[in-house]
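Heads up, the thing below is written out as structure tokens.
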Amino acid sequence: MGLDARRMAALERLDHATMPTSAEEVWRYSRVDELDMALFSSVMGGVTVTHGDLGPAVVARGAAAVDLLPEAPTEGDALVWWHEVLAVDPIVIVVPPGVSVEEPIVVRHIGTADGCVSAPHLVVRAGANSRVVVEERFEGGGAGLVLPRTVLQVADAAQVGYVGFQELHRSAWTIGTLEMAIEAQATVTAGLAGFGGDYARVRTDCSLIGRGATGTLLAAYFGDGDQTLDYRTFQDHVAPDTTSNLLFKGTVSDRSRSVYTGLIRVGKEARGTNAFQTNRNIKLSEEAWAESVPNLEIENNDVHCSHASAVGPIDEDQRFYLESRGVPTVVAERLIVAGFFDEVFSAFPTTDLRPALDAAVAVKVHTVLA
Amino acid sequence: MSEHVLEITGLRAAVAGREILKGVDLTVRSGEVHAIMGPNGSGKSTLSHVIMGHPGYEVLGGSVTLDGLDILVLTASERAQAGLFLAMQYPTEVPGVAVVDVLEAAFEASGRNRTEVPERIRAEATRIGFDERFLDRAMNVDLSGGEKKRNETLQLGVLQPSIAILDEIDSGLDLDALRACARRIEAATEETGLGVVAITHYNRLLHELRADYVHVLAHGVIQRRGGPELALELETTGYGEFTAANGEANLS
């Protein structure tokens, strides 16, 4: 099926699909009810891909990528089909078995202009024993809508690093999904960083489908003004002896809101599961609001699971400690908030982005802690 | 070397509505080492936190001045910039924040040249035997108790305060670390005229610091004052005479 045929098929499905609503558990706390697709009239978007020596690995785009795309979804709400209809320029990265791509592959999406919508579509297919790091950046644009879908298919013993770094225009909306299927002994380290957008949501589905698979899920997000940053995660332990480790940390200031809602699911076959889920939030103002809802759903007794969540102001003892050295209060608070994210950024699969991530945090802390 | 004086007069303070300090008087001048000893719960740590301006403590009365400046109206960081330093009993871990960032920010806030900080840190680390590997770590994170106290001493050495309060800097320290920290601080009393208030249970620290004065704090007031010989006496007699129900009984 060509790309156009695939999009046409999705368009037919769209005719019969309904938009999600916040009444559904998976969209609870979201702002999806405010979304009116009729307001977005044209398809736009710009993407560039840069990389070092790929060796036998391949980066395919547009029509050339279509044969490498995974099957289209079989079910979904209207946003799933909107994405399929609007994904005019899919990118597929194929890393053959045993191949290591040494330099990160950088996929850069420019946000959409006012009233426009785009659907970035990225698939990473990592063959057995391969290694690759992919950085996906979403930046700029205007008051448009971005509907990304990123899929990581990770074969046996492959090692995949992924970073999704979102710095869209402050009026932008983005509703994205990050899906990963991790096979036996393979590992994925996926880091998200969310700073932009008016409403920015990422749903992460981490499926540990092969024995001994490991998924490390990281996120750092920082809201100010009236932003809503919304993270929904699923750690799906299907196979035995699988490990997932989630650490999401956020800061909310002004009237901004954040949502972290995560579910660890341990299937009947997934004995020997290790699953951890930690969400910590700093709330810098009275009006800011951070929702933190970790959940466990366990069908096997031979598991080691934990979850923790916290929402609170800047730690008083930390602030006093720095003040007692002569650091002014506001500078102490900036240091503490920036330092709060260090644990997350340090665990990202690439150090390339660290200066940009630190800079994004610095802009926020100087804005909100003036 | 300029002369500095910390003057505490009739200081009364409360924690969570309960009066802990009931009128403390203490004067510390440049180069002097004053020990505050006393039973647990006598208000020693409260005294250190109140002087430094911890927000959890309420001052009920009295005054604290540094070189005549009323420091009770200042924020903690302003007190530090004025020349006070508190070495904490349990130094707080501050994830993701390196000591160099903190000391550079402190230098900048007090109008000093922040570019001097990295070299000063290295020099102090060498001086007290603080492993340079620890300098890149987040503040106090993954440091042992002894390393944390060396880190406090290192910061004291870089910041060069006029008056330092040491809140049980000897707790959790092995003898080598105790000696290294105490010698560095004692040297500062000579080199930069540092005045010291050392809160401790142990004579060992006072010996290393060469304490000039010993004050016994119990029931929220200074019950006895003396020279180093008082610390020796307490080592044999303990605090028994000060722990009587009536806190006023043993005022000397």
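Remember, predicted model here, so these are calculated numbers, not experimental data. Worth knowing before you read on, the calculation uses all heavy atoms, side chains too, and leaves out hydrogens, waters and symmetry mates. Throughout, a chain's letter reflects where its sequence line sits, starting with A, and its residues are numbered from 1.
In summary, of the residues considered (D342(A), L335(A), V337(A)), a side chain to side chain contact (heavy atoms under 4.5 Å, CB included) with V97(B) occurs for L335(A) alone.
Put simply, OG1 on T92(B) and CG on L322(A) are 8.5 Å apart, with the number rounded to the nearest 0.5 Å. Atom OG of S324(A) is separated from atom NE2 of H49(B) by 8.5 Å, given to the nearest 0.5 angstrom. Here the straight-line distance linking atom CZ of R334(A) with atom CG of D101(B) works out to 13.5 Å at 0.5 Å rounding. Remark: M139(B) CE to Q318(A) CD distance equals 11.0 Å, nearest 0.5 Å.
Using a 4.5 Å cut-off between heavy atoms, L159(B) contacts chain A through its side chain alone, with no backbone atom that close. For V327(A), the parts lying under 4.5 angstrom from a heavy atom of chain B are both the backbone and the side chain. Of the atoms belonging to P91(B), heavy atoms from both backbone and side chain fall under 4.5 Å from chain A. Only the backbone of E93(B) comes within contact range of chain A, with heavy atoms under 4.5 Å apart. Contact of E343(A) with chain B is not made at all, since no heavy-atom distance falls under 4.5 Å.
With a 4.5 Å cut-off on side-chain heavy atoms, P55(B) and F320(A) count as touching. Residues Q81(B) and R325(A) fail the side-chain proximity criterion, which asks for heavy atoms closer than 4.5 Å.
Here the shortest heavy-atom pairing between G326(A) and A109(B) reads O-CB, 3.6 Å. Across every non-hydrogen atom of E323(A) and A80(B), the tightest pair is O-CB, 3.8 Å.
When each of S346(A), G339(A), A332(A) is scored by its heavy-atom pairs under 4.5 Å with chain B, the top score falls to G339(A).
A side-chain N or O of Y321(A) and one of N140(B) form a donor-acceptor pair less than 3.5 Å apart.
Annotation: E286(A), atom CD; neighbour count of heavy atoms from other residues, nucleotides and ligands within 6.0 Å does not exceed 12.
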